[in-house]
> 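Have a look at this one.
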Amino acid sequence: MTDPILVVDGLTVDYGSRRAVNDLSFSIERGEIFGLLGPNGAGKTTTLSVIEGLRKPTTGSVRIDGVDALANPLAVKAKLGVQLQATSFQDELTLSQLLRLYAGLYGVRLDTRAIRDRLEEWGLGDEADKAFKRLSGGQQQRFSLSVAVVHRPLLLLLDEPTAGLDPQSRRQLWDRIERLRADGGSIVLTTHSMEEAQSVCDRIAIVDHGGLIALGAPSGLIAQYRDDPRVRQVSRGEPTLEDVFIGLTGSAIRD
Ligand SMILES: Nc1ncnc2c1ncn2[C@@H]1O[C@H](COP(=O)(O)OP(=O)(O)OP(=O)(O)O)[C@@H](O)[C@H]1O
Ligand SMILES: [Mg+2]
């Protein structure tokens with residue numbers, strides 16, 4: 001067996017006196033699509049920002065492809081592709097210019113033809129000379145994903161990649177995520193869509209109040225918790241992943 005692409009161990013993150021992530025541990029195998037699920041404020045984005053090297057944890061470690069990510073941020077940067085929850089790009093630049101810029105930041109040289117090809121790959125061939133802000137929401141999502149994978153990363157982190165997409169674009173994005181995996185990538189994504197988690201993720205972690213409360217394949221979690229009284233109480237028939245999620249995390253809306 002090969003070593004995991006990502007190991008998060010004992011991660012704790014505080015914002016002042018507020019503990020956002022509390023002793024969280026999980027690991028991701030190579031070629032895996034892994035979903036990080038949890039109610040608003042559960043600590044998903046915070047966890048991703050530590051893996052991305054944007055934030056220092058209070059305690060804990062992150063290993064990416066065998067490398068200590070906190071000690072060697074530059075060494076792991078090239079292995080990582082990142083799409084943030086709210087991405088914005090320099091407003092006035094065109095997609096071709098932006099893609100060239102970001103490729104350059106990763107040390108990838110793309111000539112005009114290659115830029116065109118990449119944009120066409122993402123269904124954005126006709127928008128090459130448009131500014132980012134003139135794209136529709138779904139096109140913006142696709143473009144930010146094309147930037148995240150411009151250097152063909154080993155590990156791709158996606159924070160709510162399908163939020164705001166229509167069903168067609170969502171399906172298309174799922175297909176692309178599958179294809180990235182087929183090309184040897186591993187993916188961590190967050191989502192509030194249980195349908196999405198169930199159809200694209202090999203395994204999911206449910207987190208709440210910064211801590212891990214369940215981990216496994218979607219079907220495995222349903223099987224494991226179907227008779228849990230908290231899940232039975234909220235299910236309206238055959239328990240679904242959403243019933244498990246709500247049963248385990250409670251029905252209250254988070255602030
Ligand atoms: N920059 C920050 N400063 C202070 N507190 C923060 C900051 N960012 C997040 N938090 C707090 O940390 C907790 C975790 O937030 P985080 O953004 O990681 O949640 P999330 O799981 O991504 O939620 P969502 O589903 O709403 O995106 C929340 O209580 C949030 O209010
Ligand atoms: Mg978030």
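Numbers here simply count residues along the sequence, with the first being 1. All ligand and atom numbering here is 1-based and tracks the order in the structure.
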> Return a yes/no value for G43: is any of its N or O atoms, backbone included, closer than 3.5 angstrom to an N or O of ligand 1?
yes
> Can you find an N or O of T47 that's nearer than 3.5 Å to an N or O of ligand 1?
no
> Pull out every atom of ligand 1 sitting under 4.0 Å from any heavy atom of R18, numbered as shown with elements.
29 (O)
> Any heavy atom of E160 closer to ligand 1 than 4.0 angstrom?
yes
> Looking at every heavy atom in both G60 and L70, which two are closest together, and how far apart are they?
O-CD1, 3.5 Å
> Short list, please: which atoms of ligand 1 are under 4.0 Å from a heavy atom of A20?
12 (O), 13 (C), 14 (C)
> Got a sec, which hydrophobics cluster with I204, joining ILVMFWY side chains under 4.5 Å apart, including via others?
L37, M194, I206, I213, L221, I222, Y225, V231, V234, L241, V244, F245, I246, L248
> Give the numbers and elements of all ligand 1 atoms closer than 4.0 Å to a heavy atom of T46.
14 (C), 15 (O), 16 (P), 18 (O)
> Keeping the roles fixed (side chain from R30, backbone from D3), state whether a donor-acceptor pair exists under 3.5 Å.
yes
> Among side-chain atoms of T249 and D208, is any donor-acceptor pair under 3.5 angstrom?
no
> Looking only at side-chain N and O atoms, does T162 offer a donor or acceptor that is under 3.5 Å from a partner on E196?
yes
> Please identify which atoms of ligand 1 are closer than 4.0 Å to at least one heavy atom of H192.
25 (O)
> Can you sort out which atoms of ligand 1 are near A42, meaning under 4.0 Å from one of its heavy atoms?
19 (O), 20 (P), 21 (O)
